Number of protein chains: 2
Amino acid sequence: MTEVRRAGARRRPRQSDIARMAGVSQATVSLILRGTPAGMALARETRQRVLRAAEELGYVPDPVATRLASASNAMLGLYTFSTTFPTDVAHSYYPILVGVEEEAAAQGQDLILFTGSARAAARADDPAAVRRVRAADGCLFFGRHVPEEPIRRLAEDGFPFVYIGRRDEPGIPYVGADYVSASAQVVARLAALGHRELRYLREHDEAPASADREEGVVRGARASGIDPSRLVVCTDGSDLDDLLRRWLDEGVTAVVVEQTDTGAALDGLGAAVDRAGLRCPRDLSLALLGASTGTRGHAPGGGAAYGGFDVPMRAMGRDAVRLLLELIAGAHGEPPRRLLPCEPVEGGTVAAPRTRDT
Amino acid sequence: MTEVRRAGARRRPRQSDIARMAGVSQATVSLILRGTPAGMALARETRQRVLRAAEELGYVPDPVATRLASASNAMLGLYTFSTTFPTDVAHSYYPILVGVEEEAAAQGQDLILFTGSARAAARADDPAAVRRVRAADGCLFFGRHVPEEPIRRLAEDGFPFVYIGRRDEPGIPYVGADYVSASAQVVARLAALGHRELRYLREHDEAPASADREEGVVRGARASGIDPSRLVVCTDGSDLDDLLRRWLDEGVTAVVVEQTDTGAALDGLGAAVDRAGLRCPRDLSLALLGASTGTRGHAPGGGAAYGGFDVPMRAMGRDAVRLLLELIAGAHGEPPRRLLPCEPVEGGTVAAPRTRDT
DNA sequence: CCGCCGTGCTAATGCGCATTAGTTGATGAC
DNA sequence: GTCATCAACTAATGCGCATTAGCACGGCGG
């Protein structure tokens with residue numbers, strides 16, 4: 001077919017168009033527009049001709065071509081393992097996105113959300129698809145679980161990325177939260193209030209975030225002279241009624257729950273508490289390890305806000321962007337790793353235990 | 001010792017590597033991997049050699065190069081006029097992002113958030129920067145105000161885009177909400193409850209979204225036999241105390257407020273109502289034109305949820321993505337435009353007016 | 001024995017830009 | 001008058017892939 005463009009539809013201008021218009025070569029245009037030393041050294045008159053032509057044509061560089069020609073394109077990637085922003089998870093991760101977006105925007109960077117790729121990869125069980133992130137200058141990762149192989153390869157190739165959340169694997173740059181200290185502190189507070197028999201409810205699921213909380217809880221218990229032997233309990237979120245009843249029989253006065261992206265443990269326990277007709281903190285103190293500010297967070301049997309600590313997700317997002325930009329800029333040396341402190345939260349679900357006898 | 005850095009740091013494989021390994025040309029590799037008719041027609045044995053080599057090398061196509069060569073890379077852009085996701089606005093636009101993200105992910109598309117560009121453009125007052133969106137296959141726009149020029153140019157160039165929100169300019173594809181009908185309905189409901197003297201408080205700021213609400217309110221008033229002459233009032237969010245007092249003197253029993261991204265009118269009025277010690281709906285009915293489900297929405301003097309209607313932001317986001325994909329696929333003809341209905345919301349701030357004498 | 005038509009593949013080119021190795025003409029040093 | 005120097009540019013190449021024109025070869029009809 002004889003391809004005829006619509007009458008007024010000028011093709012988008014390229015450097016060669018500018019070059020022709022200004023009577024120079026495409027290379028010259030590139031040099032001048034990029035403002036390289038070489039470009040600045042050119043004759044003032046030439047530069048102005050080129051700049052004027054560019055202006056007149058409404059030239060804007062093609063970010064894709066720019067990137068291919070191995071420069072940066074001012075785009076950062078955000079890739080998540082586990083479906084990213086689906087409704088039910090939305091609230092728990094949203095602050096990260098906000099932080100990332102905020103800092104990225106402040107730094108003039110655009111953001112590529114690799115959610116389409118991520119979902120496709122998850123469906124097809126194709127871990128290699130992660131490599132699509134190369135479209136960006138660098139990438140942020142998050143999610144409880146990571147397919148190690150493809151990430152390691154990215155690292156080997158020298159592709160800049162930062163993980164949001166602590167990682168065990170050596171050599172991976174990350175920005176995490178100090179769950180260990182924060183969790184220990186929560187337990188210490190409970191102990192100080194007089195709780196001697198308590199439990200930590202976590203999900204079965206293995207992830208550094210869970211492991212850290214557990215370590216912190218155990219450490220906090222030990223420090224307060226509490227026997228950690230029956231402390232840690234795993235759940236998949238079901239059958240919590242029995243568990244709860246048993247705990248009460250054992251004299252448990254406080255339960256510490258981990259907050260995850262699914263919120264299975266928390267939701268399950270909350271429902272069980274409701275069904276048992278208990279009220280917090282009257283009948284039971286409840287502390288949450290990791291609720292994020294302003295999201296969810298209203299406890300069963302009353303609706304008070306959970307006590308525990310907040311994860312500085314937003315700050316993590318911001319820091320991660322900064323680190324990533326440093327990496328992209330070529331800051332070498334040790335892979336940067338950072339742990340942010342978590343803010344303790346005084347919540348209405350935590351109080352001194354009732355005296356055993358009315 | 002002078003070790004060799006990263007001995008295993010193979011360069012990321014390209015098609016030419018596969019080609020060498022399989023003893024064919026790069027072109028052949030491309031044909032086969034893309035699964036084109038031509039590729040499928042090749043000798044079965046050759047195909048398998050190539051596929052095996054690709055597998056073995058862990059090949060993944062470079063999206064940037066793909067895009068440069070073929071003008072399609074499964075990425076949609078999202079560009080906003082007015083700072084996008086800044087904290088205070090975050091909640092009011094978040095549902096759009098969710099909807100867009102949701103549908104994009106479902107369609108296997110990645111998302112480029114042009115927030116860095118947008119902010120830079122706003123700061124430098126450089127409307128041409130919008131063109132950066134060309135990095136994507138197509139783009140979604142939203143925001144109350146639009147710089148017309150650059151958008152028109154994109155349209156002229158045949159770049160596919162969809163606006164989220166109704167637009168007056170002809171030829172611009174959009175997905176909007178039917179504010180006119182919804183607003184009229186809100187007024188009709190108030191009238192049916194017995195309100196005869198009411199006001200519509202809008203922001204001074206001109207935008208189709210505001211104009212539509214106003215039109216609906218006026219239309220609704222007329223239909224209910226209410227004189228619209230003193231109905232519409234503009235505000236910049238300040239000095240509302242006087243205004244409120246005057247209204248009460250005039251016998252106003254209900255106020256309708258528009259919801260915008262800044263929320264200036266609503267916040268101002270809410271504060272004034274609080275300061276006047278009024279309670280809704282006891283002393284005054286308050287309807288909100290356009291609160292989004294689950295965000296903000298707790299009225300002054302009591303904390304009931306606002307009555308009014310909801311903007312189906314999420315659905316708009318989803319629809320916009322679908323439309324955009326159709327455009328990209330080359331569906332021609334009339335520029336697609338769609339108006340979604342808004343869901344009426346029964347809120348605690350709307351009730352029948354108190355009898356004048358008690 | 002020639003032309004013709006597949007089959008199976010490759011060479012060549014372009015996408016839009018960045019970058020490097022020059023080329024050219026003018027100037028100054030000796 | 002010769003050569004090094006420098007200013008001001010340009011030619012050429014590559015980034016990794018998609019795409020098209022076309023080549024080599026073999027079989028088949030006439």
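This one's a predicted model, so the numbers in the text were calculated from it and none came from an experiment. Throughout, a chain's letter reflects where its sequence line sits, starting with A, and its residues are numbered from 1.
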What nucleotide among D:dG14, D:dC17, C:dC15 has an atom nearest to a side-chain atom of A:Ala69? D:dG14

N/O contacts under 3.5 Å, protein versus nucleotides 24-28 of chain D?
none

With the side chain of A:Gln15 defined as its heavy atoms from C-beta on, choose the nearest nucleotide among D:dG16, C:dC9, C:dC17. C:dC17

Give one of base, sugar-phosphate or nothing for A:Ser16, where a contact means two heavy atoms less than 4.0 Å apart. nothing

Which listed nucleotide (C:dA11, C:dC15, C:dG8) is nearest to the side chain of A:Arg14? C:dC15

Applying side-chain contact (heavy atoms from CB on, under 4.5 Å), name anything that partners B:Arg318, two or more places apart in sequence or on another chain. B:Glu102, B:Glu103, B:Arg322

Taking five pairs at each end, how big is the angle between the two axes of the helix from C:dC1-D:dG30 to C:dC30-D:dG1, to 10°? 70°

Nearest-nucleotide wise, let me know which of B:Asp62 and A:Gly23 is further upstream toward the 5' end of DNA chain D. A:Gly23

On DNA chain C, check which nucleotide each of B:Leu42 and B:Ala65 is closest to and give me the residue with the more 5' one. B:Leu42

I'd like to check the side chain to side chain donor-acceptor pair (under 3.5 Å) partners of B:Ser117; sequence neighbours left out, ordered by chain and number. A:Asp110, B:Arg132

Partners of A:Arg337 by salt bridge (charged side-chain N to carboxylate O under 4.0 Å, His left out), sequence neighbours excluded? none

Any sub-3.5 Å donor-acceptor pair from B:Asp137's side-chain atoms to B:Leu76's backbone N or O? no

Listed by chain and number, what are the side chain to side chain donor-acceptor pair (under 3.5 Å) partners of A:Ser25, not counting sequence neighbours? A:Thr28

Using the test side-chain contact (heavy atoms from CB on, under 4.5 Å), find all partners of B:Asp62 that sit at least two apart in sequence or belong to another chain. B:Arg12, B:Val64, B:Ala65

Contact check, residues 27-35 of chain B vs DNA chain C, heavy-atom distance under 4.0 Å, returns B:Ala27, B:Thr28

Does any part of the side chain of B:Phe161, heavy atoms only, come nearer than 4.5 Å to the side chain of B:Val133, both counted from C-beta? no

Under the rule for side chain to side chain donor-acceptor pair (under 3.5 Å), what residues qualify as partners of B:Arg52, not counting sequence neighbours? none

Quiz: residues 164-172 of chain A side-chain donor-acceptor pairs under 3.5 angstrom, not counting sequence neighbours:
{"unit_1": "A:Arg166", "atom_1": "NE", "unit_2": "A:Asp212", "atom_2": "OD1", "d": "3.4"}
{"unit_1": "A:Arg166", "atom_1": "NE", "unit_2": "A:Asp212", "atom_2": "OD2", "d": "2.6"}
{"unit_1": "A:Arg166", "atom_1": "NH1", "unit_2": "A:Asp168", "atom_2": "OD1", "d": "3.0"}
{"unit_1": "A:Arg166", "atom_1": "NH2", "unit_2": "A:Asp168", "atom_2": "OD1", "d": "3.1"}
{"unit_1": "A:Arg166", "atom_1": "NH2", "unit_2": "A:Asp212", "atom_2": "OD1", "d": "2.8"}
{"unit_1": "A:Arg167", "atom_1": "NH2", "unit_2": "A:Arg144", "atom_2": "O", "d": "3.0"}

Got a sec, which residues hit side-chain contact (heavy atoms from CB on, under 4.5 Å) with A:Ala54, two or more places apart in sequence or on another chain? A:Ile18, A:Leu33, A:Tyr59

Suppose we screen for side-chain contact (heavy atoms from CB on, under 4.5 Å). Which residues come up paired with B:Leu323, at least two apart in sequence or across chains? B:Val162, B:Val175, B:Glu326, B:Pro336, B:Arg338

When you measure from the side chain of A:Gln26, which nucleotide among C:dA18, D:dA8, C:dG16 comes out closest? C:dA18

Rounded interatomic separation in angstrom, taking CD from A:Gln48 and C1' from D:dA8: 16 Å

